[in-house]
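Just so you know, ligand 1 is whichever comes first in the structure, and atom 1 is the first atom listed for that ligand.
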Amino acid sequence: MPFAKLGLRPEIAAAVAAKGYTEPSPIQAKAIPAILEGRDVLGGAQTGTGKTAAFSLPLLQRLSESNFKNKRPRALILAPTRELAAQVHQSILDYGHGLNLHSACFFGGVNINPQISKLRRGLDIIVATPGRLLDLCQRGEAQLGAIETLVLDEADRMLDMGFIHDIKKLLKLLPTERQNLFFSATYAKEVKKLADTILRNPVEVEVAPRNSTADQVAQEAYSIGQKNKRSALSALIQDGDWQQVLVFTRTKHGANRLAKQLNSDGITAAAIHGNKSQGARERALEDFKTNYIRVLVATDIAARGIDIADLPHVVNFELPNVPEDYVHRIGRTGRAGKKGKAISLVSADEEAYLVSIEKLLKREITLLELSPQGVIGREARRIANPQKPKKQQQVSRGPRQQDGRQEGKGSNRPQRRKSGKPGQNPNAQSGTKPASNPSASPVSTTAGAPLRNRRNRRPPNRPKF
Ligand SMILES: Nc1ncnc2c1ncn2[C@@H]1O[C@H](COP(=O)(O)OP(=O)(O)OP(=O)(O)O)[C@@H](O)[C@H]1O
């Protein structure tokens with residue numbers, strides 16, 4: 001079915017065509033008509049299947065058809081991390097390119113004053129993380145009384161223990177008459193029940209079994225002791241010549257340590273987590289996306305929604321203790337129909353997590369032996385009835401754990417060379433803002449600060465070609 005059949009206005013159809021989309025993905029084909037009708041939607045589809053456009057396109061269409069309300073925002077999109085909020089805002093800018101709508105992205109870790117100025121000038125669409133938006137509301141700067149549509153991206157995460165208190169406070173500031181759009185690749189049972197209390201007679205749009213992984217992602221699990229994981233990972237990366245690898249660790253400290261160790265093994269790596277400064281977070285993600293570094297070591301801050309084009313490898317250095325997080329982590333690869341590989345390094349005390357993941361996915365993942373030198377062996381003998389380690393049985397993540405707001409010191413970013421040396425764009429300035437600049441911009445222009453151009457840079461340890 002072509003996009004034109006969905007009844008989208010020519011400006012939006014042109015923006016979609018400019019992105020190279022030829023036809024709507026299944027979630028888009030099902031959700032867009034329901035949203036255009038004004039219905040509440042509970043949307044579920046596998047990772048990387050175009051959920052952002054599924055809610056953004058009809059949202060933009062509806063806003064462009066109704067009137068600007070006294071500079072007050074009419075649509076609110078909430079996302080769990082700053083990186084995801086920035087990415088969704090970029091999509092709003094791209095898809096709304098030909099429309100006379102104004103949007104802005106608000107998150108913590110950056111100066112609040114420019115955000116206040118944007119609100120005072122007037123906006124149609126706010127994309128935000130909940131904490132900073134609440135702050136803006138409590139200062140009397142953000143008025144949510146004219147919101148017509150609320151979108152919760154990564155809805156199950158937004159409604160779980162880490163965010164629910166802020167979400168409840170924000171809901172009280174919204175008109176009761178509004179459209180609610182909830183989207184995620186996973187819905188834990190308890191969270192779905194809560195979602196049902198907020199949604200009004202929703203259309204449930206599900207295009208694949210709930211909580212399933214994308215078929216294009218090959219999943220492998222290797223049995224290896226915790227203390228041998230690092231050497232095995234380095235060997236896998238080097239021997240397999242993996243060029244772009246997203247590695248998930250359980251803790252921020254573990255992410256820092258692993259990035260440092262990989263760098264000392266000659267593999268360029270940086271860490272991204274909630275204790276890093278906003279600048280360091282943006283740089284690490286951008287350096288990874290542009291292949292300036294080979295490995296990004298992340299906590300679950302990067303598990304949800306982040307879209308890295310053609311990412312070939314995701315590694316779970318440690319398994320997550322919440323099985324849904326596994327689905328989101330490995331969903332960073334195998335997006336938009338592309339193939340990808342997800343590798344989990346499983347120590348004996350993590351086997352119980354593997355069992356929980358298999359239960360959620362309703363499928364078995366073969367566990368193979370792996371040597372500290374990265375040699376893959378035969379099928380590993382599994383522990384009968386493995387128990388979860390006592391300390392990690394809690395699933396509570398605490399408020400905003402994934403979007404921590406402390407400013408971290410330093411980073412594991414590889415040293416840049418001075419201009420003129422190989423691997424360096426002499427025009428690049430450290431500290432320049434990438435596309436995630438939370439600026440308010442008319443949607444009708446190609447807004448957002450330009451990405452620093454690092455395409456020509458070659459990381460220090462990468463061969464010439
Ligand atoms: N109709 C389409 N045709 C081709 N590519 C598309 C289409 N819609 C979206 N995409 C591309 O697919 C990729 C994944 O889209 P998106 O980030 O919205 O996925 P998602 O379903 O929200 O994933 P996640 O569950 O991880 O958040 C993006 O790069 C997007 O540009």
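Residue-level proximity to ligand 1 for Gln28 is carried by the side chain, the only part with a heavy atom below 4.0 angstrom. At a heavy-atom cutoff of 4.0 Å, ligand 1 is contacted by no atom of Arg304, backbone or side chain. When non-hydrogen atoms are compared, ligand 1 lies under 4.0 Å from the backbone of Thr47 as well as from its side chain.
When side chains are defined from C-beta on, Tyr353 does not count as touching Val346, because their heavy atoms never get closer than 4.5 Å. Considering only heavy atoms from C-beta on, Leu99 comes within 4.5 Å of Arg9 through its side chain.
Nearest protein heavy-atom contact of atom 17 (O) of ligand 1 is Arg335 NH2, 2.9 Å. The protein heavy atom nearest to atom 25 (O) of ligand 1 is Lys51 NZ, 2.6 Å. Nearest protein heavy-atom contact of atom 29 (O) of ligand 1 is Asp307 OD2, 2.5 Å. The nearest protein atom to atom 12 (O) of ligand 1, hydrogens excluded, is given as Ala336 CB, 3.4 Å; this is a heavy-atom distance.
Ligand 1 has a nitrogen or oxygen under 3.5 angstrom from a nitrogen or oxygen of Glu154. Of the N or O atoms in Thr52, one or more lie within a sub-3.5 Å distance of an N or O in ligand 1. In terms of N/O distances under 3.5 Å, ligand 1 is approached by Gly48. Below 3.5 Å of separation, one finds no N or O of Thr22 facing any N or O of ligand 1.
Of all the listed residues (Tyr21, Tyr95, Phe3), Tyr21 holds the heavy atom that lies closest to atom 11 (C) of ligand 1. Across the listed options Ala185, Gly50, Gly20, Gly50 owns the non-hydrogen atom lying nearest to atom 15 (O) of ligand 1.
Residue Thr49 approaches ligand 1 through these ligand atoms, each under 4.0 Å from one of its heavy atoms: 19 (O), 20 (P), 21 (O). Taking every heavy atom of Gln46 and a limit of under 4.0 angstrom, the matching atoms of ligand 1 come to 21 (O). Atoms of ligand 1 lying under 4.0 Å from any heavy atom of Ser25, numbered from 1 in the order shown and given with element: 1 (N).
Counting non-hydrogen atoms of neighbouring residues, nucleotides and ligands closer than 6.0 angstrom, the NZ atom of Lys19 exceeds 12 such neighbours.
A donor-acceptor contact shorter than 3.5 Å is absent between the side chain of Arg335 and the backbone of Ile308. With Lys51 contributing its side chain and Gly43 its backbone, the two residues share no donor-acceptor pair below 3.5 Å.
Between Glu148 and Arg72 no salt bridge is recorded (no basic side-chain N to carboxylate O distance below 4.0 Å). Of the charged side-chain nitrogens involved, at least one lies within less than 4.0 Å of a carboxylate oxygen, so that Arg304 and Asp156 count as a salt-bridged pair. Remark: Arg157 engages Asp160 in a salt bridge, criterion side-chain N to carboxylate O under 4.0 Å.
Using a 4.0 Å cutoff on heavy atoms, His328 does not count as a contact of ligand 1. Ligand 1 is never approached by Ala45 to a heavy-atom distance shorter than 4.0 Å.
Between Trp242 and His313, the ring planes are parallel. Angles under 30° get that label, and only those over 60° would be called perpendicular.
Summarising the geometry of Glu350 relative to Arg250, their closest heavy-atom pair is OE2-NH2, 3.6 Å, with the distance given to 0.1 Å.
For the 3.5 Å distance criterion, the side chains of His273 and Asn256 qualify, holding a donor opposite an acceptor.
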